[in-house]
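We use all heavy atoms of the structure for the numbers below, so side chains are in, but hydrogens, waters and symmetry mates are not. The first residue in the sequence is number 1, and the count goes up from there.
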Amino acid sequence: QVHLVESGGGLVPPGGSLRLSCKASERPVHPTTMAWFRQAPGKEREFVAADFRSGQRTYYADSVKGRFTMSRDRAESAVYLQMNDLKPEDTAVYYCAADRHLILSSLRLSSQYDFWGRGAQVTVSS
């Protein structure tokens, strides 16, 4: 069982930046896919970004491409999401997820991930 803990959420004005962190309770067995999803009130959980199989490639949702950057620190068993030029529509609870057996075609499907954090609230508002 891998426990994931997110941190770094908060309130930021439009155009601002935030950096989310997600730390795993143990070093995941490689290769492991780690991802960020988000869920806004009344909406389904949606894919944001993923580091596929321990760094083979990083994928982004079109809505965040060019503004968000996901990075990974294997030594710390952590992933980060740097969010720049934030917009009100980015407001959501952001979740960290991990899976040891994910295939590429399932990357954007939240149902395919075995491990989840509790989430961090990000609010973009003036």
Side-chain angles (χ1 to χ4, degrees):
Q1 186 76 12
V2 177
H3 296 282
L4 304 173
V5 180
E6 302 96 337
S7 61
L11 172 65
V12 63
S17 298
L18 279 176
R19 186 185 190 225
L20 299 180
S21 300
C22 170
K23 292 205 71 176
S25 58
E26 61 183 57
R27 182 171 296 181
V29 175
H30 295 292
T32 299
T33 295
M34 296 192 73
W36 290 96
F37 286 78
R38 66 186 182 186
Q39 188 165 19
K43 294 189 176 181
E44 293 187 356
R45 193 167 296 189
E46 66 172 358
F47 171 81
V48 175
D51 178 69
F52 181 64
R53 295 176 71 83
S54 303
Q56 285 191 13
R57 184 175 167 180
T58 304
Y59 295 81
Y60 297 93
D62 288 343
S63 59
V64 306
K65 204 172 290 183
R67 300 187 298 123
F68 291 11
T69 301
M70 182 176 180
S71 59
R72 187 166 186 163
D73 183 341
R74 292 181 183 80
E76 295 292 327
S77 298
V79 292
Y80 307 94
L81 187 68
Q82 177 66 43
M83 304 182 293
N84 298 328
D85 190 22
L86 283 160
K87 304 175 181 181
E89 52 263 42
D90 294 319
T91 295
V93 177
Y94 284 69
Y95 296 92
C96 179
D99 194 273
R100 293 171 175 157
H101 307 292
L102 203 75
I103 59 175
L104 186 57
S105 60
S106 298
L107 192 73
R108 290 171 168 80
L109 301 176
S110 60
S111 60
Q112 300 301 304
Y113 287 79
D114 285 340
F115 306 111
W116 289 88
R118 289 191 168 187
Q121 177 69 47
V122 172
T123 302
V124 185
S125 175
S126 55

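- No side-chain donor-acceptor contact under 3.5 Å links Glu6 to the backbone of Cys22.
- Between Tyr60 and Thr69, the closest side-chain pair of non-hydrogen atoms falls below 4.5 Å.
- For Leu20 against Ala120, the heavy-atom pair with the smallest separation is CD2-CB, 4.4 Å.
- A side-chain hydrogen bond (donor to acceptor under 3.5 Å, both in side chains) check over residues 108-121, counting only residues at least two apart or in different chains, returns the pairs Gln121-Thr123.
- The shortest non-hydrogen separation linking Leu4 to Cys96 is CD1-O, 3.7 Å.
- Between Asp85 and Ser17, the shortest heavy-atom distance links the atoms N-OG, 4.3 Å.
- In this structure, Tyr95 is not a member of the same hydrophobic cluster as Trp36, with clusters built from ILVMFWY side-chain heavy atoms closer than 4.5 Å.
- Shown here for Val124 and Thr91, the closest heavy-atom pair between the two residues is N-OG1, 2.9 Å.
- Between Pro14 and Ser125, the shortest heavy-atom distance links the atoms CD-C, 3.7 Å.
- The salt bridge (Lys or Arg N to Asp or Glu O under 4.0 Å) pairs that include a residue from residues 54-64 are Asp62-Lys65, where partners are two or more places apart or lie in different chains.
- Thr33 contributes a side-chain N or O that, together with a main-chain N or O of Arg53, makes up a donor-acceptor pair within less than 3.5 Å.
- Between Arg38 and Asp90 the shortest side-chain heavy-atom distance falls below 4.5 Å.
- The two residues Val122 and Gly9 have their closest heavy-atom pair at CG2-CA, 4.2 Å.
- For the side chain to side chain contact (heavy atoms under 4.5 Å, CB included) criterion with Tyr80, the lone passing option out of Met70, Arg19, Lys23 is Arg19.
- Listed by first and then second residue, the disulfide (SG to SG under 2.5 Å) pairs involving residues 97-126 amount to none (not counting sequence neighbours).
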